[in-house]
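Notes follow once the structure below has been shown.
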Amino acid sequence: MESGPSGGSRPAEPGPRLRGLRGADAAASASSLSRFGAEAGCRAPAVAAVLPAGGSGERMGVPTPKQFCPILERPLISYTLQALERVSWIKDIIVAVTGENMETMKGIIQRYQHKRISLVEAGVTRHRSIFNGLKALAEDQPNCRLSKPEVVIIHDAVRPFVEEDVLLNVVTAAQEHGASGAIRPLVSTVISPSVDSCLDHSLERARYRASEMPQAFLFDVIYEAYQQCSDYDLEFGTECLHLALKYSHIKAKLVEGSPDLWKVTYKRDLYAAESIIKERISQQVCVVMDTKEDEEHVGRCLEEMLKTELNHIKVTSGQDLQQIIVEQCYNFVCMNVMTSDFEETQRLLNMLEESNLSILYPVVVISVHFLDYESVPFGQKMEKVMQIREFAKEAKKEIFYYLAFSYISHSYAVLISHATLLGPHCLHTPRMESTSATAWRNRSYEKV
């Protein structure tokens, strides 16, 4: 068993809560399991998680195992690790990967600065990989930092959208019943064919449910089940709840899961996952202005326009930027009205670079500059355009991609100097006719 490499500085949290809480609410959420323990009159259980990640991705139809396929140039498994990491009461996360992918996994942990991760070698089947993860938790060796948990979560490395409330529900149910698992209604009717490929019988869909992940178990229940497991079950079995029933005689409590628990299985699922991530990180835009006194400021008008299209808009002056970055907004419009220089934009870019915010998700920055189109001579206008382009080029020398764009409205020429993605991500050209942050990210892109 190997511990993942430690990283350097990183964002305060491992990324945005894609359907979760921010700020003080997030801090309160971190103690949810402790509160449950207090309400139940007992201490909160020690919880660990095991992720089997040794699959080859045969159904994906690509040479790269699906857990390592990129979404926004970041491996899928990194999103799943992030979802578990942000739950503070999960103390250890064990990832089972094949020997040939061990170095790849270590690189992912270091690149995206994941924490609390330990690696074990995967088995040749899913159940054998899970068993190896459980063994690492059961060993409890003096020179090992892992200790046996009371409850263990088993989750899939390719289900990146699991939320804390679902994890809490299965853990608390497992603490009470010994085992629990998330379920969802069946989408299609299940039928059984005969040996000659004719219909034998069908199941009444309303009576059955699809077994999903995550699942949770009292550690002793599931570990003893795996210890007694037959070779046939280890080779061909797929359902952990069944093993707890068959070998430990524990009937799992079934917990209704959310629609986001689906598993990335086919190539088209990668595109769906990317679309979901883009949509969720585009729900907040920070409009940064170089003045906050003039209520007629064009930034205020932009704010009102954006509010009609997006769920949550924050408008802030420069001195509030640090708090906005801590809360992990990923979209910024920097309005430079009082000055034609780039001080406000440069300050924003410096703060974003120092925050490492772009390690986990693309950050979009649009810098807007205004010129009096009627009073400024043509030569001066062109000089200003060139200054903006040069500024964007200098930014690109560091870690930025950029876009130069001009837009004329009434007596002003609006010069959007660059729409910036921090980190190695693609730049999506903004649509001037639509101010939706999602539209900015979803347009085809052009590097200037």
Problem - Any residue meeting side chain to side chain donor-acceptor pair (under 3.5 Å) with Ser194, in chain and number order, not counting sequence neighbours - result: Asp196
Exercise for the section: Looking only at non-hydrogen atoms, find the nearest pair between Ala157 and Leu51 and report the distance. Expected result: CA-CD2, 3.9 Å
Problem - NZ/NE/NH1/NH2 to OD/OE distance under 4.0 Å, Asp156 and Lys66 - result: no
Exercise for the section: Could I get the full list of salt bridge (charged side-chain N to carboxylate O under 4.0 Å, His left out) partners for Asp233, not counting sequence neighbours? Expected result: Lys246
Handout entry: Gln67 side-chain N/O to Ala53 backbone N/O, donor-acceptor pair under 3.5 Å
Key = yes
Exercise for the section: Please name all residues satisfying side chain to side chain contact (heavy atoms under 4.5 Å, CB included) with Phe236, sequence neighbours left out, ordered by chain then number. Expected result: Tyr232
Exercise for the section: Quick one: closest heavy-atom pair of Cys286 and Cys329, and the distance? Expected result: N-SG, 3.6 Å
Handout entry: Tyr271 backbone acceptor or donor facing Ser275 side chain under 3.5 Å
Key = no
Problem - Contacts of Tyr266 that satisfy side chain to side chain contact (heavy atoms under 4.5 Å, CB included) - sequence neighbours left out - result: Arg59, Arg268, Asp269
Problem - Nearest non-hydrogen partners of Leu203 and Thr189, listed with the distance - result: O-CG2, 3.6 Å
Exercise for the section: Report yes or no: does Ser248 contribute a side-chain atom to a donor-acceptor pair with the main-chain N or O of Leu245 at less than 3.5 Å? Expected result: no
Exercise for the section: I would like to know whether Phe217 and Ile153 meet side chain to side chain contact (heavy atoms under 4.5 Å, CB included); could you show each step before the answer? Expected result: CA-CA 7 Å; Phe217 305 84; Ile153 296 168; over 6 Å; no
Exercise for the section: Name all residues meeting the salt bridge (charged side-chain N to carboxylate O under 4.0 Å, His left out) criterion together with Glu121; count only those two or more places apart in sequence or in a different chain, and write none if there are none. Expected result: none
Exercise for the section: Using atom types as modelled and distance alone, determine if a side-chain donor or acceptor of Arg128 lies under 3.5 Å from a backbone N or O of Glu235. Expected result: no
Exercise for the section: For the pair Arg184 (side chain) and Gly257 (backbone), establish whether a donor and an acceptor sit closer than 3.5 Å, ignoring hydrogens and angles. Expected result: yes
Handout entry: Beyond-backbone contact of Phe68 with Thr104, side-chain heavy atoms, under 4.5 angstrom
Key = yes
Handout entry: Donor-acceptor contact below 3.5 Å, side chain Ser202 vs main chain Ile191
Key = no
Fill in the blank from the handout: Residue set satisfying side chain to side chain contact (heavy atoms under 4.5 Å, CB included) with Ser192, at least two apart, ordered chain then number -> Asp200, His201
Exercise for the section: Could you give me the CA-CA distance, side-chain angles and deciding distance for Glu354 and Asn350, then say whether side chain to side chain donor-acceptor pair (under 3.5 Å) is met? Expected result: CA-CA 6 Å; Glu354 292 172 2; Asn350 290 342; over 6 Å; no
Practice task
Provide the closest heavy-atom pair for Val171 versus Ser180 in the form atom of the first, atom of the second, distance.
Solution key: N-OG, 4.5 Å
Handout entry: Donor on one side chain, acceptor on other, Gln82 and Tyr361, under 3.5 Å
Key = yes
Fill in the blank from the handout: Ser78 meets the side chain to side chain donor-acceptor pair (under 3.5 Å) criterion, sequence neighbours left out, with Arg74, His114
Handout entry: With Glu103 via salt bridge (charged side-chain N to carboxylate O under 4.0 Å, His left out) - residues at least two apart
Key = Lys106
Handout entry: Donor-acceptor under 3.5 Å (Ser129 side chain, Pro52 main chain)
Key = no
Handout entry: Summary of salt bridge (charged side-chain N to carboxylate O under 4.0 Å, His left out) pairs that have at least one residue in residues 87-101, sequence neighbours excluded
Key = Asp92-Arg145
Exercise for the section: Sequence neighbours left out, what pairs pass side-chain hydrogen bond (donor to acceptor under 3.5 Å, both in side chains) with at least one residue falling in residues 207-223? Expected result: Lys148-Asp220, Arg159-Glu212, Ser211-Gln215, Ser211-Glu239, Gln215-Glu239
Problem - Residues which pass side chain to side chain donor-acceptor pair (under 3.5 Å) with Glu256, listed by chain and number, not counting sequence neighbours - result: none
Handout entry: Side chain to side chain, Val120 and Ile94, heavy atoms closer than 4.5 Å
Key = yes
Problem - Partner residues of Phe131 under the ring-ring contact (aromatic ring centres under 6.0 Å, His included) criterion, sequence neighbours left out - result: Tyr226
